[in-house]
Each structure stands twice: as structure tokens, then as C-alpha cells.
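First comes the structure, then the notes that go with it.
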Amino acid sequence: MSSQEDLEHRARQYTQRRGLVLGSELGCGVHGIVFLTESQQEKTPLDAHSAIKVHRRQSDYWRERDVYFRLKQSGLKTIRGCHVPQLLGYDDELWVIDMTIVSRPFVLDFAGAYLDEPPDFSEEVLAEWRAEKAEQFGSRWPEVQAILRFLEGHGVFMVDVNLGNISFGD
């Protein structure tokens with residue numbers, strides 16, 4: 001697993017290679033750190049910023065990168081009214097994904113997702129997971145389930161489902 005210092009170092013390398021300015025940390029989790037970036041080129045204010053996710057583990061990077069490839073190939077920008085970050089760039093050496101910044105409502109963070117094959121969890125584990133998610137999302141759980149079914153229709157099986165990754169903004 002990569003240290004905080006290593007993640008920040010790779011973030012600086014990526015931004016230098018791409019002509020970006022590294023900004024503040026937007027979030028940190030088990031899979032990596034997300035930073036705000038700013039373009040050094042003249043662009044409109046909406047195009048000037050993006051987010052980069054620097055992954056702790058190569059396997060998480062490959063998984064998330066490939067999910068973004070699938071989403072891009074499918075032309076998905078929203079899922080049931082929720083914004084999905086768009087892939088802007090990536091670096092297989094540095095394990096970095098560059099994406100658009102989205103506002104609520106959104107669906108994001110695919111580092112824990114499975115592509116084309118659902119995870120091999122027992123029915124007992126799945127039942128416990130569903131009960132936990134139903135409690136977390138309350139009345140929004142049916143909508144979350146619809147989002148997950150939609151993603152599964154595109155071969156994306158999202159398991160890191162929480163209020164930070166699927167948010168309706170209310």
C-alpha cells in the first residue's frame with residue numbers, strides 16, 4: 001500500500017506531465033486520494049478544473065480505469081439523473097485517473113467495482129450488505145437499487161455503495 005507521501009508525489013508528477021496545477025485535497029479513502037487540479041492553459045472557467053484520483057494499489061487503479069473506459073464507451077454522463085464523472089486522462093505508471101468534477105446528485109468512485117462479473121459473495125453476506133445499505137439510504141434505497149441495476153446492465157457491479165459515492169443532494 002502506498003503512503004500519503006507517495007500518493008502526493010505521484011499526484012505532483014502527474015500534474016507536471018499534464019501541465020496542471022495541483023490543488024487542494026478533495027477527499028481521501030481506502031482506495032486513494034482525490035485532488036483538485038487546475039489547467040495552466042487558457043480555458044473557460046468550467047473547463048479549468050478537474051479532479052485526479054491517485055490510487056494506493058495498482059489493482060484498484062486498473063479496476064476503476066477500466067470502469068471509466070466502459071462508461072465512456074457507453075456514453076454515460078448521467079444515471080437516473082445523477083451525474084457521473086467523465087474520464088479526462090489517466091496514467092498507468094502513476095496509477096492516476098483524471099476526471100471531471102461533478103455536483104450532486106452524483107454516482108462516483110468505481111475503484112471497488114467489478115467489471116463484467118459480480119463479486120463472489122455468499123447469499124448471507126449479500127443479505128447483510130443489502131440490509132445495511134437499506135438502513136443507510138432509507139427511503140432512497142429503491143432509487144439506489146435502480147442505479148445499481150442500471151450499472152449492472154453495462155457490466156459494472158458497484159459494491160462500494162455509500163452516501164459519499166451515491167448522493168442525491170437532499
Do [X] and [Y] have side chains that get closer than 4.5 Å, going by heavy atoms?
X      : Y     : value
Arg65  : Asp92 : yes
Gln4   : Glu25 : yes
Asp60  : Arg57 : yes
Ile101 : Pro85 : no
Arg17  : Asp91 : yes
Trp95  : Val54 : no
Tyr14  : Asp98 : yes
Leu115 : Arg70 : yes

Treat each ILVMFWY residue as a node, draw an edge where side-chain heavy atoms are under 4.5 Å apart, and state whether [X] and [Y] are in one component.
X      : Y      : answer
Val21  : Ile33  : no
Leu87  : Val102 : no
Val34  : Tyr61  : no
Phe106 : Met99  : no
Ile97  : Phe110 : yes

Atom [atom1] of [X] with >12 non-hydrogen neighbours under 6.0 angstrom:
X      : atom1 : value
Asp120 : CG    : no
Glu128 : CD    : no
Glu123 : CD    : yes

(Q) Holding to side-chain contact (heavy atoms from CB on, under 4.5 Å), I want the full list of residues that pass it with Pro118, two or more places apart in sequence or in another chain. (A)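 If we apply the side-chain contact (heavy atoms from CB on, under 4.5 Å) test to Pro118, skipping adjacent residues, the hits are Phe157.
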Non-hydrogen atoms of [X] and [Y] that approach each other most closely:
X      : Y      : result
Gly112 : Val159 : O-CG2, 3.0 Å
Ser103 : His83  : O-CD2, 3.1 Å
Met158 : Leu108 : CE-O, 3.3 Å
Asp109 : Lys53  : OD1-NZ, 2.7 Å
Gln13  : Leu94  : OE1-CD2, 3.2 Å
Glu117 : Tyr114 : O-CB, 3.2 Å

Heavy-atom donor-acceptor pair, [X] side chain to [Y] backbone, under 3.5 Å:
X     : Y     : value
Ser74 : Leu71 : no
Thr78 : Gly81 : no
Arg56 : Gly29 : yes
His55 : His31 : no
Gln86 : Val84 : yes

Working to the nearest 0.5 angstrom, can you tell me the gap between [X] [atom1] and [Y] [atom2]?
X      : Y      : atom1 : atom2 : value
Ser167 : Asn162 : OG    : CG    : 10.0 Å
Ile79  : Ile147 : CD1   : CD1   : 7.0 Å
Trp129 : Ser122 : CH2   : OG    : 13.5 Å
Glu132 : Gln136 : CD    : CD    : 5.0 Å
Glu64  : Ser59  : CD    : OG    : 11.5 Å

**Q.** Trace of the side chain to side chain contact (heavy atoms under 4.5 Å, CB included) decision for Glu5 with His9
**A.** CA-CA 6 Å; Glu5 187 176 288; His9 176 72; 5.7 Å; no
Margin query: Let's go through Val107 and Asn165 carefully: what are the C-alpha distance in whole Å and the side-chain angles of both, what is the deciding distance for side chain to side chain contact (heavy atoms under 4.5 Å, CB included) to 0.1 Å, and is it a yes or a no?
Written below: CA-CA 6 Å; Val107 176; Asn165 293 345; over 6 Å; no
Exercise for the section: Give a yes-or-no answer on whether the side chains of Ser50 and Thr37 include a donor-acceptor pair shorter than 3.5 Å. Expected result: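 Side-chain D/A pair, Ser50 to Thr37: present.
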**Request:** Could you tell me how the ring of Trp141 sits relative to the ring of Phe137: parallel (under 30°), tilted (30 to 60°) or perpendicular (over 60°)?
**Result:**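 Trp141 and Phe137: parallel rings.
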| message | Walk me through whether Ile52 and Leu36 qualify under side chain to side chain contact (heavy atoms under 4.5 Å, CB included). | response | CA-CA 7 Å; Ile52 60 169; Leu36 180 67; over 6 Å; no
| task | Sequence neighbours left out, what passes ring pair (Phe, Tyr, Trp, His ring centres under 6.0 Å) with Phe168? Give chain and number order. | result |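 Here no residue qualifies.
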Between Tyr90 and Tyr68, ring centroids under 6.0 Å:
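No; Tyr68 has its ring centre 6.0 Å or more from that of Tyr90.
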Which pairs with one or both residues in residues 72-88 pass salt bridge (charged side-chain N to carboxylate O under 4.0 Å, His left out), sequence neighbours excluded?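 Only Arg80-Glu143 qualify under salt bridge (charged side-chain N to carboxylate O under 4.0 Å, His left out).
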